[in-house]
There are 4 protein chains.
Amino acid sequence: MHYFTNAHGRPTLFILNPHSGIPLYRQLQEQIRRLAASGQLEPGTPLPSIRELAVRHAINPMTVSKVYSQLESEGVLERHRGKQMTIAAKGARAAARADPAEQLQPHLDGLVLAGRQLDLSLGEVVRTLKERWEK
Amino acid sequence: MHYFTNAHGRPTLFILNPHSGIPLYRQLQEQIRRLAASGQLEPGTPLPSIRELAVRHAINPMTVSKVYSQLESEGVLERHRGKQMTIAAKGARAAARADPAEQLQPHLDGLVLAGRQLDLSLGEVVRTLKERWEK
Amino acid sequence: MHYFTNAHGRPTLFILNPHSGIPLYRQLQEQIRRLAASGQLEPGTPLPSIRELAVRHAINPMTVSKVYSQLESEGVLERHRGKQMTIAAKGARAAARADPAEQLQPHLDGLVLAGRQLDLSLGEVVRTLKERWEK
Amino acid sequence: MHYFTNAHGRPTLFILNPHSGIPLYRQLQEQIRRLAASGQLEPGTPLPSIRELAVRHAINPMTVSKVYSQLESEGVLERHRGKQMTIAAKGARAAARADPAEQLQPHLDGLVLAGRQLDLSLGEVVRTLKERWEK
DNA sequence: GTGGTCTAGACCACA
DNA sequence: GTGGTCTAGACCACA
């Protein structure tokens with residue numbers, strides 16, 4: 001399991017960047033989906049409570065709530081009345097089927113477009129990627 | 001100069017993705033900035049008219065106009081008599097100074113985060129990147 | 001097309017009852033779904049804007065927004081950047097397939113349960129239903 | 001007395017639907033009120049213990065407790081030594097006075113609204129109601 | 001404690 | 001004008 005340090009110096013599963021232009025709820029949603037897909041969050045794993053995640057990332061509970069609701073309707077999360085939500089078994093099965101490389105695609109597209117527009121060679125891009133990965 | 005084929009089958013300098021979550025104006029702005037920074041759009045190069053770009057990408061002229069105005073105030077573009085915009089000399093100078101790898105950074109960050117959350121190895125990510133690049 | 005008069009005396013497509021125990025967003029969602037399913041709201045019909053509906057029913061725009069978003073993800077509504085949402089063609093097709101009686105089921109269940117617990121006969125229930133219908 | 005079979009296959013006086021959107025405590029409260037009103041639960045009849053009802057319907061004892069307390073304060077139930085609850089004589093009297101059709105009203109309203117929005121005729125609605133009743 | 005609903009209201013993106 | 005995102009915060013349902 002990979003832990004990250006968020007903007008407030010606390011260890012967390014997620015990294016949210018409020019300046020990226022991508023809505024916070026979309027960033028959070030995508031990250032939970034990936035962690036479930038890869039099995040790093042296994043079926044049955046309880047997610048942080050809405051309030052906890054909101055405090056930890058200094059965002060509004062409603063934003064988290066929206067993400068949890070959408071992931072529930074996608075079948076990635078399961079809701080338990082009055083108790084914490086968990087990763088759904090169904091979500092895990094879906095994950096097993098999915099090609100991880102496919103989930104990477106939008107990010108590859110963005111990187112390739114940027115690389116070409118900056119007139120970099122594939123070699124240069126790969127080199128900087130490797131440096132960034134090791135960090 | 002790299003040309004791309006947009007969603008409407010016409011050749012264009014830019015690729016706009018309305019489903020990425022990133023605002024259209026931000027996508028366009030970033031792409032013009034990169035093309036200027038890399039010198040693929042040289043100082044003095046005229047940009048497409050607002051109307052032309054709007055039609056080509058099926059977006060509102062106001063969106064293009066806003067981008068052009070902001071890039072003008074940043075010194076990347078220059079406005080001439082009529083409304084003709086060109087790449088500013090100043091923009092080129094700024095570009096020469098900038099480290100291209102730095103402009104790649106947000107995209108590398110996004111890719112690395114996605115890769116780790118999908119539990120992929122560096123090798124796998126590099127391989128899919130190479131495939132995507134050659135396409 | 002049936003018009004109703006809401007609690008504020010204005011004609012409207014929907015009737016929301018804040019005291020029924022059923023969340024407002026759920027009432028609104030179900031009603032739009034039914035009007036689309038029956039074809040009383042045809043594909044392409046623009047819906048009232050979020051603000052308009054919110055004002056008309058004295059509810060919060062966020063509540064309406066939530067309903068519209070969910071119906072969009074269900075394929076009942078279509079979103080148009082910067083313009084009003086419309087009934088989706090897809091929604092209409094789905095409607096054609098659906099058995100209307102099926103959508104009535106939860107309400108029949110509720111009525112039958114109440115009738116039996118009140119020890120009424122089928123005849124009595126049908127009679128009061130007919131009276132209520134004609135009103 | 002009508003008995004129903006609940007979701008857990010056990011005979012019970014009540015049917016609770018956790019997906020209806022109506023709070024559980026409201027469903028339970030309304031059903032006890034109706035059974036008392038119709039005389040199917042006569043004055044003096046002991047109710048199931050909180051614990052028993054909670055287990056039978058897989059809900060929290062606190063939810064049942066809240067319902068019993070509210071019905072007691074309404075005069076529908078009476079609390080005896082220990083915690084045994086019975087139908088109050090007063091509740092029966094109230095029931096005798098009440099017009100059963102009135103208690104049916106919210107359900108009739110919901111059904112009529114749904115029927116009209118689904119563009120069904122009164123005949124169709126009555127027919128499906130009859131089918132459902134016989135089941 | 002958990003999540004759900006709703007409000008009032010700010011500010012942004014897009015047409 | 002349209003919808004989208006986000007906040008701060010109240011109050012409810014349920015365990």
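Every chain is numbered from 1, with letters handed out A, B, ... down the list of sequences.
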Q: Identify, with sequence neighbours excluded, every residue that meets side chain to side chain contact (heavy atoms under 4.5 Å, CB included) alongside C:Met62.
A: A:Met62, C:Asn60
Q: Starting at atom CG of A:Leu28, determine the distance to atom C1' of F:dC6, rounded to an integer number of angstrom.
A: 14 Å
Q. Are any side-chain N or O atoms of A:Gln40 and backbone N or O atoms of B:Gln117, one a donor and one an acceptor, separated by less than 3.5 Å?
A. yes
Q: Would you check if the side chain of C:Gln31 reaches a backbone N or O of C:Ile15 as a donor-acceptor pair within less than 3.5 Å?
A: yes
**Q.** A:Ser49 vs E:dT2: side-chain N/O to OP1/OP2 distance below 4.0 Å
**A.** yes
Q | Set of residues satisfying side chain to side chain contact (heavy atoms under 4.5 Å, CB included) with respect to A:Pro18, sequence neighbours excluded | A | A:Leu24
Q | For D:Arg79, all residues meeting salt bridge (charged side-chain N to carboxylate O under 4.0 Å, His left out), sequence neighbours excluded | A | D:Glu72
Q) Any donor and acceptor pair, going by atom type alone, linking the side chain of D:Ser69 with main-chain N or O of D:Lys66 inside 3.5 Å? A) no
Q. How many Å lie between CG on C:Leu47 and C1' on F:dG1, as a whole number?
A. 17 Å
**Q.** Residue pairs involving residues 20-31 of chain D (criterion salt bridge (Lys or Arg N to Asp or Glu O under 4.0 Å); sequence neighbours excluded)
**A.** D:Glu30-D:Arg34
Q. Within this structure, what is the CD-to-P distance between A:Glu52 and E:dT2, rounded to whole angstrom?
A. 8 Å
Q: Say whether, by atom type as modelled, one donor and one acceptor occur between the side chain of A:Thr63 and the main chain of A:Tyr25 under 3.5 angstrom.
A: no
Q.
Please convert DNA chain E into dot-bracket. A pair counts if it is Watson-Crick or G-U wobble with both distances under 3.5 Å; crossing pairs go in [ ] and bases paired with another strand get |.
A. ||||||||||||||.
**Q.** Distance, rounded to the nearest Å, where C:Glu78 contributes CD and F:dG3 contributes C1'
**A.** 15 Å
Q. Taking NE2 from A:His80 and P from E:dG3, how many angstroms apart are they, rounded to a whole number?
A. 11 Å
Q: Determine, for nucleotides 7-15 of chain F in 5'-to-3' order, which nucleotides have protein heavy atoms under 4.0 Å from the base (write B), from only the sugar-phosphate (write S), or from neither (write -).
A: BBB---SBB
